J.: 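First the structure, which I've put down as C-alpha coordinates, then a few questions once you've had a look.
Residue numbers run from 1 in the order of the sequence given. All figures in this text were calculated on a predicted structure; none of them were measured in a lab. Side-chain atoms are counted along with the backbone in the values below, which use heavy atoms only and exclude waters and symmetry mates.
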Amino acid sequence: MRIIILNYILSGILALSFTSCGNDWLDLESSTEIPSEGSLGSLTDFQYSLNGIYSAMQSSDGYSGRIVYYGDVTADDVQAASATKRTGSYYLLKYTKDNAPSTLWKIPYQLIRNANIILEDIDNFPETEATKEERSDIIGQALTIRALALFDLTRIYGYPYAKDNGASWGACIVEDVRTIDSKPSRNTVAECYDAVIKDLNEAIPQLSPKFNFGKLNRWGAMLLLSRAYLYKGDNTNALKVAEEAIAGAEKNKYGL
(Lines give C-alpha, C1' and ligand atoms only; values in the text may rest on other atoms or scores of the structure.)
Protein backbone atom coordinates (compact mmCIF):
# COMPACT_ATOMS: atom_id res chain seq x y z
CA MET A 1 0.00 0.00 0.00
CA ARG A 2 2.81 2.41 0.88
CA ILE A 3 4.50 1.64 -2.44
CA ILE A 4 1.28 2.43 -4.35
CA ILE A 5 0.77 5.74 -2.47
CA LEU A 6 4.40 6.66 -3.07
CA ASN A 7 3.98 6.01 -6.80
CA TYR A 8 0.95 8.32 -6.89
CA ILE A 9 2.92 11.07 -5.14
CA LEU A 10 5.86 10.70 -7.50
CA SER A 11 3.53 10.75 -10.51
CA GLY A 12 1.95 13.98 -9.25
CA ILE A 13 5.33 15.64 -8.69
CA LEU A 14 6.48 14.66 -12.17
CA ALA A 15 3.27 16.00 -13.71
CA LEU A 16 3.64 19.33 -11.91
CA SER A 17 7.29 19.60 -12.91
CA PHE A 18 6.40 19.20 -16.58
CA THR A 19 3.44 21.61 -16.56
CA SER A 20 5.19 24.28 -14.50
CA CYS A 21 7.83 24.76 -17.18
CA GLY A 22 5.42 26.72 -19.41
CA ASN A 23 2.00 28.34 -19.47
CA ASP A 24 0.81 27.09 -22.84
CA TRP A 25 -2.24 25.60 -21.19
CA LEU A 26 -3.37 29.02 -19.95
CA ASP A 27 -5.91 31.00 -21.98
CA LEU A 28 -4.16 34.36 -22.27
CA GLU A 29 -6.75 35.94 -24.58
CA SER A 30 -9.49 37.97 -22.90
CA SER A 31 -13.02 36.82 -23.62
CA THR A 32 -14.47 40.32 -23.07
CA GLU A 33 -11.89 42.64 -24.66
CA ILE A 34 -10.09 42.95 -27.97
CA PRO A 35 -6.65 44.49 -28.55
CA SER A 36 -6.57 47.92 -30.19
CA GLU A 37 -3.93 46.95 -32.73
CA GLY A 38 -5.35 45.03 -35.64
CA SER A 39 -8.91 45.04 -34.30
CA LEU A 40 -10.25 47.43 -36.95
CA GLY A 41 -10.28 45.25 -40.01
CA SER A 42 -13.59 46.18 -41.60
CA LEU A 43 -15.94 49.13 -41.80
CA THR A 44 -18.26 47.28 -39.43
CA ASP A 45 -15.46 47.32 -36.83
CA PHE A 46 -15.13 51.09 -37.29
CA GLN A 47 -18.89 51.49 -36.84
CA TYR A 48 -18.70 49.49 -33.61
CA SER A 49 -15.87 51.76 -32.43
CA LEU A 50 -18.00 54.82 -33.16
CA ASN A 51 -20.82 53.23 -31.17
CA GLY A 52 -18.40 52.91 -28.25
CA ILE A 53 -17.54 56.61 -28.45
CA TYR A 54 -21.21 57.63 -28.50
CA SER A 55 -21.84 55.32 -25.54
CA ALA A 56 -19.02 57.00 -23.58
CA MET A 57 -20.54 60.41 -24.35
CA GLN A 58 -23.66 59.36 -22.45
CA SER A 59 -21.82 59.27 -19.12
CA SER A 60 -23.39 61.37 -16.35
CA ASP A 61 -19.97 63.02 -16.04
CA GLY A 62 -20.06 63.75 -19.77
CA TYR A 63 -22.77 64.81 -22.18
CA SER A 64 -25.73 63.54 -20.22
CA GLY A 65 -24.78 65.55 -17.15
CA ARG A 66 -21.73 67.47 -16.00
CA ILE A 67 -20.48 68.95 -19.28
CA VAL A 68 -24.02 70.08 -20.14
CA TYR A 69 -25.02 71.74 -16.87
CA TYR A 70 -21.57 73.16 -16.05
CA GLY A 71 -22.01 76.28 -18.17
CA ASP A 72 -25.57 76.95 -17.01
CA VAL A 73 -25.00 76.74 -13.26
CA THR A 74 -21.75 78.71 -13.30
CA ALA A 75 -23.50 81.52 -15.17
CA ASP A 76 -26.83 83.25 -14.55
CA ASP A 77 -29.14 80.88 -16.40
CA VAL A 78 -29.78 78.16 -13.80
CA GLN A 79 -29.88 78.08 -10.01
CA ALA A 80 -28.89 74.96 -8.08
CA ALA A 81 -31.78 73.51 -6.09
CA SER A 82 -29.54 72.88 -3.10
CA ALA A 83 -25.95 73.54 -2.08
CA THR A 84 -25.56 69.82 -1.37
CA LYS A 85 -26.66 68.66 -4.82
CA ARG A 86 -24.16 67.87 -7.55
CA THR A 87 -24.69 71.26 -9.22
CA GLY A 88 -24.26 73.14 -5.94
CA SER A 89 -20.47 73.45 -5.99
CA TYR A 90 -20.55 74.79 -9.54
CA TYR A 91 -23.30 77.27 -8.71
CA LEU A 92 -21.41 78.53 -5.66
CA LEU A 93 -18.11 78.55 -7.60
CA LYS A 94 -16.42 76.42 -4.96
CA TYR A 95 -14.20 74.49 -7.35
CA THR A 96 -10.59 75.49 -7.89
CA LYS A 97 -7.84 74.12 -10.11
CA ASP A 98 -6.93 71.72 -7.28
CA ASN A 99 -10.33 70.18 -6.46
CA ALA A 100 -12.33 70.41 -9.68
CA PRO A 101 -13.58 67.04 -10.99
CA SER A 102 -11.03 65.41 -13.28
CA THR A 103 -13.82 64.11 -15.51
CA LEU A 104 -14.25 67.55 -17.09
CA TRP A 105 -10.80 66.95 -18.56
CA LYS A 106 -10.73 63.16 -18.69
CA ILE A 107 -13.89 62.33 -20.65
CA PRO A 108 -13.36 64.76 -23.56
CA TYR A 109 -9.81 63.50 -23.97
CA GLN A 110 -11.05 59.90 -23.93
CA LEU A 111 -13.35 60.84 -26.80
CA ILE A 112 -10.49 62.57 -28.62
CA ARG A 113 -8.18 59.57 -28.13
CA ASN A 114 -10.75 57.12 -29.48
CA ALA A 115 -11.59 59.38 -32.42
CA ASN A 116 -7.87 59.60 -33.20
CA ILE A 117 -7.59 55.81 -33.20
CA ILE A 118 -10.33 55.64 -35.84
CA LEU A 119 -8.77 58.41 -37.93
CA GLU A 120 -5.34 56.82 -37.75
CA ASP A 121 -6.41 53.25 -38.52
CA ILE A 122 -8.88 54.05 -41.28
CA ASP A 123 -6.00 55.39 -43.39
CA ASN A 124 -4.93 51.77 -43.73
CA PHE A 125 -8.38 50.68 -44.92
CA PRO A 126 -8.62 50.61 -48.71
CA GLU A 127 -11.21 52.85 -50.34
CA THR A 128 -13.36 51.42 -53.12
CA GLU A 129 -16.45 52.66 -54.89
CA ALA A 130 -18.49 50.35 -52.68
CA THR A 131 -16.96 51.61 -49.42
CA LYS A 132 -16.24 55.27 -50.26
CA GLU A 133 -19.47 56.76 -48.89
CA GLU A 134 -19.47 54.83 -45.61
CA ARG A 135 -15.74 55.34 -45.08
CA SER A 136 -16.07 59.10 -45.60
CA ASP A 137 -18.99 59.29 -43.18
CA ILE A 138 -16.98 57.46 -40.49
CA ILE A 139 -14.11 59.93 -40.93
CA GLY A 140 -16.53 62.85 -40.77
CA GLN A 141 -18.10 61.62 -37.55
CA ALA A 142 -14.71 61.06 -35.89
CA LEU A 143 -13.51 64.54 -36.87
CA THR A 144 -16.73 66.12 -35.59
CA ILE A 145 -16.50 64.30 -32.25
CA ARG A 146 -12.88 65.43 -31.86
CA ALA A 147 -13.87 69.00 -32.67
CA LEU A 148 -16.79 68.94 -30.22
CA ALA A 149 -14.61 67.66 -27.38
CA LEU A 150 -11.88 70.25 -28.00
CA PHE A 151 -14.47 73.03 -28.34
CA ASP A 152 -15.92 72.20 -24.92
CA LEU A 153 -12.49 71.80 -23.33
CA THR A 154 -11.51 75.22 -24.65
CA ARG A 155 -14.66 76.85 -23.30
CA ILE A 156 -14.20 75.25 -19.88
CA TYR A 157 -10.48 75.82 -19.40
CA GLY A 158 -9.85 78.93 -21.50
CA TYR A 159 -10.98 82.54 -21.37
CA PRO A 160 -13.58 83.70 -23.92
CA TYR A 161 -11.98 84.39 -27.28
CA ALA A 162 -13.05 88.04 -27.21
CA LYS A 163 -11.09 88.74 -24.00
CA ASP A 164 -7.71 88.89 -25.76
CA ASN A 165 -8.38 87.52 -29.26
CA GLY A 166 -7.56 84.03 -28.05
CA ALA A 167 -4.04 84.80 -26.81
CA SER A 168 -4.56 83.16 -23.38
CA TRP A 169 -4.12 79.46 -22.63
CA GLY A 170 -6.84 77.03 -23.65
CA ALA A 171 -6.70 73.23 -23.79
CA CYS A 172 -4.23 70.79 -25.37
CA ILE A 173 -4.65 69.99 -29.06
CA VAL A 174 -4.13 66.24 -29.48
CA GLU A 175 -4.37 64.93 -33.03
CA ASP A 176 -2.58 61.60 -32.68
CA VAL A 177 -2.82 58.51 -30.48
CA ARG A 178 -0.87 59.23 -27.30
CA THR A 179 0.55 56.80 -24.76
CA ILE A 180 -0.36 56.84 -21.07
CA ASP A 181 2.73 58.87 -20.17
CA SER A 182 2.26 61.57 -22.83
CA LYS A 183 2.31 65.14 -21.53
CA PRO A 184 1.03 67.46 -24.27
CA SER A 185 1.41 71.18 -23.65
CA ARG A 186 -1.49 73.62 -23.64
CA ASN A 187 -2.33 75.60 -26.73
CA THR A 188 -3.79 79.06 -26.92
CA VAL A 189 -7.52 79.62 -27.21
CA ALA A 190 -6.97 80.91 -30.76
CA GLU A 191 -5.08 77.75 -31.73
CA CYS A 192 -7.85 75.61 -30.25
CA TYR A 193 -10.55 77.43 -32.22
CA ASP A 194 -8.48 77.12 -35.40
CA ALA A 195 -8.20 73.35 -34.82
CA VAL A 196 -11.94 73.00 -34.12
CA ILE A 197 -12.91 74.96 -37.23
CA LYS A 198 -10.38 73.06 -39.39
CA ASP A 199 -11.72 69.66 -38.26
CA LEU A 200 -15.33 70.68 -38.89
CA ASN A 201 -14.64 72.15 -42.32
CA GLU A 202 -12.89 68.91 -43.22
CA ALA A 203 -15.68 66.78 -41.74
CA ILE A 204 -18.75 68.47 -43.23
CA PRO A 205 -18.32 67.48 -46.92
CA GLN A 206 -17.57 63.90 -45.86
CA LEU A 207 -20.63 63.50 -43.63
CA SER A 208 -23.88 62.05 -44.89
CA PRO A 209 -26.79 64.51 -45.16
CA LYS A 210 -29.18 61.70 -44.27
CA PHE A 211 -30.80 61.19 -40.88
CA ASN A 212 -28.48 59.08 -38.75
CA PHE A 213 -30.34 58.03 -35.62
CA GLY A 214 -28.40 58.93 -32.47
CA LYS A 215 -25.32 60.01 -34.42
CA LEU A 216 -23.87 63.11 -36.01
CA ASN A 217 -24.58 63.99 -39.62
CA ARG A 218 -23.70 66.91 -41.90
CA TRP A 219 -26.25 69.34 -40.45
CA GLY A 220 -25.22 68.65 -36.86
CA ALA A 221 -21.59 69.35 -37.75
CA MET A 222 -22.56 72.57 -39.53
CA LEU A 223 -24.51 73.82 -36.52
CA LEU A 224 -21.49 73.07 -34.31
CA LEU A 225 -19.28 74.99 -36.75
CA SER A 226 -21.71 77.90 -36.66
CA ARG A 227 -21.50 77.94 -32.87
CA ALA A 228 -17.69 77.82 -32.94
CA TYR A 229 -17.68 80.87 -35.24
CA LEU A 230 -20.17 82.58 -32.93
CA TYR A 231 -18.02 82.01 -29.82
CA LYS A 232 -15.00 83.24 -31.75
CA GLY A 233 -16.85 86.44 -32.60
CA ASP A 234 -16.97 85.73 -36.33
CA ASN A 235 -20.65 86.59 -36.71
CA THR A 236 -20.57 86.72 -40.51
CA ASN A 237 -19.47 83.10 -40.88
CA ALA A 238 -21.67 82.01 -37.96
CA LEU A 239 -24.78 83.33 -39.75
CA LYS A 240 -23.70 82.01 -43.15
CA VAL A 241 -23.11 78.44 -41.92
CA ALA A 242 -26.27 78.43 -39.78
CA GLU A 243 -28.42 79.50 -42.73
CA GLU A 244 -26.85 76.84 -44.94
CA ALA A 245 -27.43 74.19 -42.26
CA ILE A 246 -31.08 75.15 -41.79
CA ALA A 247 -31.74 75.19 -45.54
CA GLY A 248 -30.00 71.88 -46.04
CA ALA A 249 -31.79 70.25 -43.13
CA GLU A 250 -35.19 71.42 -44.36
CA LYS A 251 -34.40 70.13 -47.86
CA ASN A 252 -33.75 66.74 -46.27
CA LYS A 253 -37.12 66.93 -44.50
CA TYR A 254 -35.92 68.11 -41.12
CA GLY A 255 -38.12 70.60 -39.33
CA LEU A 256 -37.49 73.11 -36.61
Side-chain angles (χ1 to χ4, degrees), residues 47 50 53-54 57-58 62-64 67-78 108 111-112 115-116 118-119 122 132-168 170-171 173 175 187-256:
Q47 295 286 11
L50 277 174
I53 296 177
Y54 285 113
M57 292 173 76
Q58 296 181 93
Y63 286 95
S64 70
I67 292 177
V68 176
Y69 62 66
Y70 171 83
D72 288 332
V73 295
T74 54
D76 299 326
D77 299 326
V78 175
L111 303 178
I112 289 173
N116 285 340
I118 289 176
L119 293 169
I122 206 165
K132 183 177 180 179
E133 185 177 332
E134 184 179 2
R135 183 180 182 276
S136 294
D137 189 62
I138 290 169
I139 293 172
Q141 288 187 62
L143 285 169
T144 304
I145 290 169
R146 186 170 76 179
L148 171 64
L150 180 60
F151 180 51
D152 287 330
L153 282 163
T154 305
R155 293 189 300 136
I156 292 172
Y157 291 99
Y159 282 117
Y161 191 96
K163 177 181 183 294
D164 51 13
N165 287 321
S168 54
I173 299 173
E175 296 181 336
N187 294 86
T188 65
V189 169
E191 289 170 335
C192 290
Y193 273 90
D194 287 344
V196 168
I197 292 169
K198 176 179 176 293
D199 273 353
L200 291 172
N201 276 317
E202 185 179 339
I204 287 167
Q206 301 194 71
L207 282 163
S208 171
K210 299 176 183 177
F211 178 72
N212 195 357
F213 185 77
K215 295 183 178 180
L216 291 159
N217 69 358
R218 183 178 300 171
W219 318 118
M222 289 183 73
L223 290 174
L224 178 59
L225 176 59
S226 175
R227 173 167 286 197
Y229 279 132
L230 185 66
Y231 274 70
K232 189 181 177 183
D234 187 347
N235 295 332
T236 301
N237 275 320
L239 177 60
K240 177 177 177 290
V241 175
E243 288 178 338
E244 290 175 359
I246 292 169
E250 289 177 343
K251 185 178 179 179
N252 282 266
K253 299 182 179 180
Y254 283 81
L256 295 178

J.: With distance as the sole test, does Asn212 use its side chain to make a donor-acceptor pair with the main-chain N or O of Asn217 at under 3.5 Å?
T.: no
J.: Report the distance from atom CD1 of Ile122 to atom OG of Ser136, rounding to the nearest 0.5 Å.
T.: 8.0 Å
J.: Please check: side-chain N/O of Ser226 versus main-chain N/O of Ala238, any donor-acceptor pairing under 3.5 Å?
T.: yes
J.: Do Leu200 and Thr144 come close enough that some side-chain heavy atom pair is under 4.5 Å?
T.: yes
J.: Taking the side chain as everything from C-beta on, heavy atoms only, tell me whether Ile197 gets closer than 4.5 Å to Tyr229.
T.: yes
J.: Is the closest side-chain heavy-atom distance between Asn252 and Pro209 below 4.5 Å?
T.: yes
J.: Apply the test side chain to side chain contact (heavy atoms under 4.5 Å, CB included) to residues Leu230 and Asn235: give CA-CA distance (whole Å), side-chain angles for both, the deciding distance (0.1 Å), then the verdict.
T.: CA-CA 6 Å; Leu230 185 66; Asn235 295 332; 3.7 Å; yes
J.: Taking the side chain as everything from C-beta on, heavy atoms only, tell me whether Ile67 gets closer than 4.5 Å to Pro108.
T.: yes
J.: Indicate yes or no for a side-chain donor-acceptor contact from Tyr63 to the backbone of Tyr54 under 3.5 Å, with no hydrogens or angles considered.
T.: no
J.: State, yes or no, whether a side-chain contact exists between Tyr69 and Val78 at a heavy-atom distance under 4.5 Å.
T.: no
J.: Has Arg218 got a side-chain atom pairing as donor or acceptor with Gly140's backbone, closer than 3.5 angstrom?
T.: no
J.: Donor-acceptor check, side chain of Ser64 to backbone of Gln58, threshold 3.5 angstrom: yes or no?
T.: yes
J.: How many angstroms lie between CD in Glu244 and CG in Leu223, if you round to the nearest 0.5 Å?
T.: 11.5 Å
J.: So, do Leu148 and Met57 sit near enough that their side-chain heavy atoms are less than 4.5 Å apart?
T.: yes
J.: Assign the ring pair Tyr193 / Phe151 to parallel, tilted or perpendicular, where the plane angle (0 to 90°) is split at 30° and 60°.
T.: perpendicular
J.: If I take atom CD1 from residue Ile145 and atom CG from residue Leu50, how far apart are they, to the nearest 0.5 angstrom?
T.: 5.5 Å
J.: Contact between Leu119 and Arg146 at the side-chain level, heavy atoms closer than 4.5 Å - yes or no?
T.: yes
J.: Kindly give the heavy-atom pair with the smallest separation between Leu207 and Ala221, and that separation in Å.
T.: CD1-CB, 3.4 Å
